Structure formats: C-alpha cells, structure tokens
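So the structure is just underneath, and the comments pick up after that.
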Amino acid sequence: MRFDLITLFPGVVAEFGRLGVTGDACRRGKLDLRAIDLRDHAGPSRRPDDAPYGGGAGMLLQAEPVASALRSANAHPGRPVVALTPQGRRFDQAAAEALAERGGAVIICGRYEGMDERAHETLVDIEFSLGDFILSGAELPALCIVDCCARLIPGVLGAEDALKSESFVDETLEFPQYTRPSEWLGQSVPAVLMSGNHAQIARWRRQQALGRTFLRRPDLLDEISLSADDRALLRAFLETES
C-alpha cells in the first residue's frame with residue numbers, strides 16, 4: 001500500500017512514518033509512505049500560495065504547484081487523488097476499506113484558505129472531511145487516514161482478531177474492556193469476563209456493543225439489520241439501564 005502526501009511540512013510525514021503501527025508497517029515494507037514538498041514545485045520563489053481574486057483574508061494554494069506535485073507522485077491509475085476539505089464526504093471505516101482495496105491514495109494537504117477551485121475540479125477524485133471542525137492544515141487528518149488504512153494491511157496488526165472487534169467495523173461501537181486489577185477504586189470487572197465461559201463473554205460483549213451504540217450513536221444502528229437475537233439483547237440491556 002502506498003500513500004503520497006503533498007504537503008508544506010514533509011517533516012511531519014517523515015516523523016509519523018517512524019511511529020507506532022504505521023512505522024512498523026513502513027519498516028516491514030508493507031506500507032510506502034512518502035512526502036512531496038509542495039515548495040519544490042513552486043518555482044524559484046518556493047511560494048505555492050497567492051492572494052484570492054476578489055479579495056478576502058488568507059491565501060490560497062495555486063493550482064499549478066499542486067498539479068506539478070501530483071505529476072511527480074507518478075500515481076498509479078488505481079490510486080485516487082484525495083483532498084481534505086470541509087465540503088467533503090465524511091471519512092469513515094468503509095471509506096478506509098475502499099482506499100485500502102485501491103492500494104492507497106495521493107492526498108493533497110491543503111493549508112491557509114484551501115486551494116484554487118480549479119485544482120479541486122481538475123485534479124481531485126475524492127474529497128473527504130473528518131468532521132465539522134477547523135484545523136490549520138490537512139496534515140493531521142491525512143495522517144489519520146493513513147493510519148486507519150495501514151491497520152487494514154494483512155499482517156500489520158499483531159492480533160488480527162482485534163481488528164474484527166473494533167468500533168465501526170460492524171457499524172457498532174466497541175464493547176467496554178477491562179484489565180488488571182480486578183478491582184479499582186471500588187469498581188469491579190464484570191464477573192462474566194472472568195468466568196472463562198467464552199460463549200457468555202461473546203454474548204455479553206455483543207449486548208454491550210449494541211447498548212452503547214444505541215445510547216451514544218443511535219444513528220449507526222440505522223445502517224445495519226439487527227437479528228432477532230440482537231434485538232432481544234438490546235431490549236435486555238435497556239431494561240437494566242432504566
């Protein structure tokens with residue numbers, strides 16, 4: 001899997017490529033993470049931005065430096081060009097899986113007030129947003145996307161089963177988890193988790209995932225079809241909460 005990030009801060013990308021799961025994937029040759037310095041494509045001035053026509057605060061990235069950086073990425077036809085923008089569709093686990101299937105992406109990390117609209121219209125395949133908030137630039141959300149996709153590479157995670165039970169994988173939030181000690185500040189670990197009965201543990205975890213999703217993100221349940229057993233588990237959960 002390969003990601004090229006077009007950025008004004010290539011050092012941020014390089015440092016991220018040495019850390020955690022992403023760094024391990026890079027060292028093992030499962031992930032190719034590259035930074036393309038946008039300043040290298042802005043001519044002698046090394047200034048890829050200019051004031052917007054019509055006036056207004058802030059600066060815009062020019063279209064041609066972005067286009068030149070994309071050409072240098074030598075993007076494979078299967079890898080889409082992604083821009084991070086508030087007007088993009090929400091990035092989610094399904095989007096991560098789609099990018100992983102396509103072998104990664106080239107991500108344009110905007111700064112300032114964004115970039116020339118002609119670059120969006122001509123160069124970009126997909127626009128994503130991580131949420132309704134404002135950042136100084138797109139490097140952080142771009143690296144979030146890289147990390148999310150890197151976890152999907154076979155063999156990257158030490159415990160492959162962990163991926164299957166994480167939040168959003170099946171459109172539910174993850175069940176609560178506990179570790180030693182069994183008691184802390186007067187709070188005990190649920191007895192079922194120490195019972196050794198794996199069938200009961202799996203059932204309890206499913207019930208907790210459904211209940212937590214209903215209480216905290218009920219919109220997610222609209223995306224899935226609950227079985228009769230799921231509905232019974234959820235009813236029992238809600239009865240204990242009332």
Side-chain angles (χ1 to χ4, degrees), residues 1-10 12-13 16-17 21-22 25-26 30-38 41 48-49 52 58 60-154 156 163 166-171 217 219-220 222-223:
M1 189 181 298
R2 175 175 162 180
F3 283 91
D4 294 83
L5 271 58
I6 296 172
T7 174
L8 292 172
F9 298 94
V12 173
V13 180
F16 188 79
V21 170
T22 304
C26 290
K30 293 180 176 292
L31 175 66
D32 185 359
L33 177 59
R34 307 185 187 192
I36 300 172
D37 192 339
L38 193 54
H41 298 270
D49 61 304
L60 283 175
L61 294 179
Q62 297 169 300
E64 183 51 35
V66 175
S68 175
L70 280 173
R71 290 192 292 268
S72 75
N74 191 27
H76 187 278
R79 290 194 305 143
V81 176
V82 172
L84 283 304
T85 168
Q87 66 196 20
R89 58 163 286 202
R90 187 187 67 179
F91 183 80
D92 56 17
Q93 191 65 26
E97 292 170 359
L99 288 184
E101 289 176 0
R102 298 180 68 175
V106 182
I107 304 179
I108 303 169
C109 300
R111 278 269 157 178
Y112 315 125
E113 294 301 307
M115 66 180 177
D116 191 303
E117 182 64 20
R118 292 166 294 184
H120 279 282
E121 295 176 350
T122 305
L123 306 174
V124 175
D125 299 312
I126 307 171
E127 294 181 336
F128 282 128
S129 170
L130 263 63
D132 297 337
F133 53 89
I134 305 299
L135 295 172
S136 300
E139 283 77 15
L140 291 177
L143 292 173
C144 286
I145 290 174
V146 172
D147 183 82
C148 189
C149 293
R151 297 169 61 81
L152 299 174
I153 301 173
V156 165
L163 183 62
E166 289 183 326
S167 295
F168 307 117
V169 170
D170 66 349
E171 303 297 343
R217 287 290 306 277
D219 57 295
L220 294 175
D222 294 336
E223 305 295 325

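Here the structure is a predicted model, which is why all the values come from computation and not from measurement. Throughout, residue positions are numbered sequentially from 1 according to the sequence presented.
Every side chain to side chain donor-acceptor pair (under 3.5 Å) that Ser68 has, sequence neighbours left out, goes to His41. Taking the side chain to side chain donor-acceptor pair (under 3.5 Å) definition, one finds that Gln87 meets it with Glu127, sequence neighbours left out. With sequence neighbours left out, the side-chain contact (heavy atoms from CB on, under 4.5 Å) criterion links Arg118 to Asp116. In this structure Asp125 satisfies the side chain to side chain donor-acceptor pair (under 3.5 Å) test with no other residue, sequence neighbours excluded. With sequence neighbours excluded, the residues satisfying side-chain contact (heavy atoms from CB on, under 4.5 Å) with Ala25 are Leu31, Val156. Applying the side chain to side chain donor-acceptor pair (under 3.5 Å) rule to Asp37 yields no partners; only residues at least two apart in sequence or on another chain are considered.
Looking at Arg2, its side chain never comes within 3.5 Å of a backbone N or O of Ala105 through a donor-acceptor pair. A distance-only check finds no donor-acceptor pair linking the side chain of Thr122 to the backbone of Ala119 [under 3.5 Å].
Contact annotation: the side chain of Arg151 approaches that of Val21 to within less than 4.5 Å [non-hydrogen atoms, C-beta and beyond]. In this structure the side chain of Asp32 never reaches within 4.5 angstrom of the side chain of Met1, judged on heavy atoms. Looking at Leu84 and Ile107, their side chains come closer than 4.5 Å, going by heavy atoms from C-beta outward. Taking the side chain as every heavy atom from C-beta outward, Leu8 and Tyr112 approach each other to under 4.5 Å. No side-chain heavy atom of Thr7 sits under 4.5 Å from any side-chain heavy atom of Ile36. For the pair Pro48 and Val66, the minimum side-chain heavy-atom distance is 4.5 Å or more. You'll find the side chain of Leu143 reaches within 4.5 Å of the side chain of Leu5, heavy atoms only. Here the side chains of Ile108 and Val124 are in contact, with some heavy-atom distance below 4.5 Å.
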Problem - Candidate pair Leu140 and Val12, rule side chain to side chain contact (heavy atoms under 4.5 Å, CB included), full reasoning - result: CA-CA 9 Å; Leu140 291 177; Val12 173; 5.6 Å; no
Exercise for the section: Check the pair Val106, Val82 against side chain to side chain contact (heavy atoms under 4.5 Å, CB included), reporting the backbone distance first and the verdict last. Expected result: CA-CA 6 Å; Val106 182; Val82 172; over 6 Å; no
Handout entry: Verdict with reasoning, Met115 to His120, per side chain to side chain contact (heavy atoms under 4.5 Å, CB included)
Key = CA-CA 8 Å; Met115 66 180 177; His120 279 282; 3.6 Å; yes
Practice task
Starting from the C-alpha separation in whole Å, work towards a yes-or-no answer on side chain to side chain contact (heavy atoms under 4.5 Å, CB included) for Glu139 and Phe16.
Solution key: CA-CA 11 Å; Glu139 283 77 15; Phe16 188 79; over 6 Å; no
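Across every non-hydrogen atom of Ile145 and Leu99, the tightest pair is CG2-CD1, 3.8 Å. The two atoms that bring Gln93 and Cys148 nearest to each other are OE1-SG, 3.7 Å, heavy atoms only. In this structure, Gly17 and Leu33 approach most closely via the heavy-atom pair CA-CD2, 3.9 Å. Residues Phe3 and Gly104 approach most closely at CZ-CA, 3.7 Å, considering heavy atoms. Looking at every heavy atom in both residues, Ala142 comes nearest to Cys109 through CB-SG, 3.7 Å. When all heavy atoms are compared, the tightest approach of Thr85 to Ser129 is O-CB, 3.2 Å.
Between atom CG of residue Leu60 and atom CZ of residue Arg111 there is a gap of 14.5 Å, rounded to the nearest 0.5 Å. In this structure, CG in Leu38 is found 7.0 Å from CD1 in Ile6, a value given to the nearest 0.5 Å. From Glu64, atom CD reaches atom CG of Leu123 across 9.0 Å, with rounding to the nearest 0.5 Å. Of the inter-residue distances, the one linking Cys149 atom SG with Arg102 atom CZ reads 11.5 Å to the nearest 0.5 angstrom.
Salt bridge Arg217/Glu171: absent, no basic N to carboxylate O contact under 4.0 Å.
Crowding of Asp132 atom CG: a count of heavy atoms from other residues, nucleotides or ligands under 6.0 Å not exceeding 12.
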